[in-house]
Amino acid sequence: MQRYKIFITFARNFEKKVLPVDFIDSMRQQLGSEANLLFQALETEPVTSIRLNDKLEVLTFDCDTDEVPWHLDGYYLTGRPQFTLDPLFHAGCYYVQEASSMFLQQAIEQYLPQDSIVLDLCAAPGGKSTLLSQYLSSAGLLISNEVNRQRVFILSENIQKWGNGNTVVTHNKPAEFGEQCANLFDCIVVDAPCSGEGMFRKDHAARDEWSLRNIKMCAERQRSILMDVWNALKPGGLLIYSTCTFNSEENEDNALWIAECLGADILPIPYEPDWGITETQAGYHFYPHKTRGEGFYICALRKNEEPFSPFKVREGKHRIVKANEEYVNTVRTWLQHPDEWALRQSDRFITAYPKKYKELIDYLSTFLTCISTGFGIGEERGKFMAPQHSLSMAKDLKRDAFPQVALTREQALAYLRTEALTLENLPLGSILLTYDDVPLGFAKNVGNRLNNLYPNEWRIRHL
Ligand code: SAM
């Protein structure tokens, strides 16, 4: 069944830079003569890959694809499409994710039960968080955190488009988790800020920013992040540490330091020999001359068991406001499984978040800076409840609660640019717009015009 198309146009112009001399020397020390193969691979075209959202049941491409061997939903594309021109990209049907980093799936499948409470500490723009959110599904809870103010909003956008509702996006420092959430998380993912050698093929500017001094600084910062958050991981809990660098200072040295100084065991992650992964004494490397993807390193560790007090939701004054009953009754009819969601109201907005984790989320909301919680479901407008955009992205949306109108690709792109739409013979009120049978967002027919309700801050700006 033809369900979905990627529109291919290629655009890749950038200023080429040479590899730093100190990088060449240090990789020769690390890899011996094999380093030359790495240098050659870094001068070839980067690999483009996407990971599918389970929003889609069937997918076909009008370009050649190949499966990423370590993730069932991962596909390599033959070129780099202009994703902006694909409405399904904006509907969160897939995430453009570097193939190597999808290997996280192998670690969590091996060690993480789905009903786990997970912190993705360095989460923007959201590649690993969308993967975790899909894996945990409705059983688990994901706290997806980003310390950088500019980056946290794109993270929140990507999480809302993914549509699971099992995620709280926060904007906090690692130490705030360590200090306030002792022994809370079953798993913490630290995809650390790093010197970025793994990006040397994709982003030549990264070559200019690289230096041995920067590696040392990054390694120190990584340890300080790990130390700050360590207390938030349950004894026996899983730590996933990853970077997109090749050097051992930021990788193996840090993994061994975690094991020895913080107290953890390094765990094996299963892989097939023909995947080209390089296993070392502490973790796994993805080198572009051996693996189809960009540079990446990952290590899984189990925190030592020790006597501990489990995290308890403390008594306190929760600032959470119960939603107005009348509105609650309305918005519940917009969900497939209304009983699975707790609802709260803040100003004019009603938010849905997992009932199973209500107490914990309410408590965390009292001291964490939450950018988005679950998904926004409705907004009070005058005397009415209007559906919020993130409801249209949510997997639990009850589509037939709204009249639906299918858009052509041109109409869909105009909608995503927040232009005015002219569609004939529509019923009054909120209308769910779809493209290729996937929800894109809402519009409101007010009689003499159709209001485009696509979020202004997410609109397509350049075509
Ligand atoms: N995990 C993300 C993904 O898969 O899309 C990529 C994360 S990126 C490699 C590292 C992130 O760490 C950046 O978003 C950066 O803003 C954040 N960061 C930088 N300094 C940090 C710090 N001191 N503590 C925590 N996070 C930091």
Side-chain angles (χ1 to χ4, degrees), residues 4-17 19 23 27 31 34-53 59-86 88-89 93-107 125-128 130-131 134 158 191 194-207 210 242-247 251 269 271-279 283-298:
Y4 168 51
K5 286 184 180 173
I6 295 249
F7 294 89
I8 304 261
T9 45
F10 300 95
R12 204 172 115 80
N13 290 319
F14 60 81
E15 203 188 329
K16 293 213 167 189
K17 307 272 179 184
L19 291 170
F23 170 75
M27 281 298 110
L31 297 176
E34 197 189 321
N36 287 337
L37 298 175
L38 171 65
F39 305 147
Q40 281 164 23
L42 291 177
E43 302 309 330
T44 60
E45 278 297 304
V47 175
T48 301
S49 47
I50 60 171
R51 187 172 39 74
L52 301 184
N53 195 330
L59 170 80
T60 60
F61 299 88
D62 66 352
C63 61
D64 290 337
T65 58
D66 222 347
E67 289 167 10
V68 174
W70 46 86
H71 198 299
L72 269 180
D73 298 322
Y75 291 88
Y76 293 107
L77 305 184
T78 42
R80 190 167 179 89
Q82 229 175 325
F83 293 106
T84 306
L85 297 181
D86 181 11
L88 296 184
F89 169 68
C93 292
Y94 57 90
Y95 191 93
V96 184
Q97 186 176 31
E98 204 289 293
S100 309
S101 26
M102 297 181 202
F103 187 70
L104 169 64
Q105 181 79 11
Q106 296 293 324
K128 300 195 183 54
T130 50
L131 184 153
Q134 183 140 314
N158 285 330
D191 186 33
C194 68
S195 61
E197 295 161 349
M199 293 296 115
F200 277 3
R201 177 158 69 172
K202 221 171 169 175
D203 176 13
H204 276 216
R207 298 177 179 204
W210 185 94
S242 61
T243 71
C244 58
T245 49
F246 305 120
N247 71 75
N251 297 321
I269 307 178
Y271 66 95
E272 297 293 326
D274 63 353
W275 294 353
I277 292 168
T278 305
E279 182 171 355
Y284 302 85
H285 277 280
F286 291 67
Y287 290 111
H289 61 289
K290 290 174 74 183
T291 318
R292 205 166 156 201
E294 302 311 308
F296 183 59
Y297 164 86
I298 187 165

Quiz item: Looking only at heavy atoms, what is the nearest atom pair of G196 and A206, with distance?
Solution: O-CB, 4.2 Å

Practice problem: Hey, could you give me the CE/CG distance between M27 and L38, rounded to the nearest 0.5 Å? | Solution: 7.0 Å

Practice problem: State, with a plain yes or no, whether a side-chain heavy atom of C244 is found less than 4.5 Å away from one of E294. | Solution: no

Exercise. Indicate the atoms forming the closest heavy-atom contact of V47 with G293, along with that distance.
Key: CG2-N, 4.1 Å

Practice problem: Can you see which heavy atom on G127 is nearest to which on Y95, and at what distance? | Solution: N-OH, 3.2 Å

Quiz item: Say you draw a straight line from CD1 of I298 to CG of L104; how long is it, rounded to the nearest 0.5 Å?
Solution: 5.0 Å

Quiz item: If you measure from NZ on K290 to CD on E34, what distance do you get to the nearest 0.5 Å?
Solution: 5.0 Å

Practice problem: Output, in order, the C-alpha distance, side-chain angles, deciding distance and verdict of side-chain contact (heavy atoms from CB on, under 4.5 Å) for W275 and Q106. | Solution: CA-CA 12 Å; W275 294 353; Q106 296 293 324; 3.9 Å; yes

Quiz prompt | Residues E98, K202; criterion side-chain contact (heavy atoms from CB on, under 4.5 Å); working and verdict | solution = CA-CA 10 Å; E98 204 289 293; K202 221 171 169 175; 4.0 Å; yes

Quiz item: Using a distance-only test with no angle check, is there a side-chain donor-acceptor pair under 3.5 angstrom linking T243 and N251?
Solution: yes

Self-check item: Residues, nucleotides or ligands: over 12 heavy atoms within 6.0 Å of L72 CG
Solution: no

Exercise. Describe, in one word, how the ring planes of Y287 and H285 are oriented to each other, choosing from parallel (under 30°), tilted (30 to 60°) and perpendicular (over 60°).
Key: parallel

Quiz item: Taking the six-membered ring for Trp, are the ring centroids of Y75 and Y94 within less than 6.0 Å of each other?
Solution: no

Quiz item: Do F296 and D191 pass the side-chain contact (heavy atoms from CB on, under 4.5 Å) test, and can you show the C-alpha distance, the side-chain angles, and the key distance before you say yes or no?
Solution: CA-CA 10 Å; F296 183 59; D191 186 33; 4.3 Å; yes

Self-check item: F103 side chain reached by T291 side chain, heavy atoms, under 4.5 Å
Solution: no

Quiz item: Are any of the side-chain nitrogens in R207 or E43 under 4.0 Å away from the carboxylate oxygens of its partner?
Solution: yes

Quiz prompt | Nearest-0.5 Å distance that lies between atom CG in L31 and atom OG1 in T278 | solution = 8.0 Å

Quiz item: Would you say Q97 and M102 make side-chain contact, with heavy atoms under 4.5 Å?
Solution: yes

Self-check item: Residue pair Q105 / D73, side-chain donor-acceptor N/O under 3.5 Å
Solution: no

Practice problem: Using distance alone, with no hydrogens and no angle criterion, decide if E279 and Y271 have a side-chain donor and acceptor under 3.5 Å apart. | Solution: yes

Practice problem: Classify the angle between the aromatic ring planes of W70 and F286 as parallel (below 30°), tilted (30 to 60°) or perpendicular (above 60°). | Solution: perpendicular

Exercise. Please step through side-chain contact (heavy atoms from CB on, under 4.5 Å) for the pair F39 and F23, ending with a clear verdict.
Key: CA-CA 10 Å; F39 305 147; F23 170 75; 4.0 Å; yes

Practice problem: Looking only at non-hydrogen atoms, find the nearest pair between F246 and G198 and report the distance. | Solution: CZ-CA, 3.9 Å

Quiz prompt | Least distance between heavy atoms, T245 atom then Y297 atom | solution = O-CB, 3.9 Å

Exercise. Looking only at non-hydrogen atoms, find the nearest pair between N247 and S195 and report the distance.
Key: ND2-OG, 3.7 Å

Quiz prompt | Close side-chain approach of P69 to Y76, heavy-atom, < 4.5 Å | solution = yes

Quiz item: Going by heavy atoms in the side chains, are R201 and P288 under 4.5 Å from each other?
Solution: yes

Exercise. Give, for atom CG of L131 and atom CD of Q134, the distance between the pair rounded to the nearest 0.5 Å.
Key: 7.5 Å

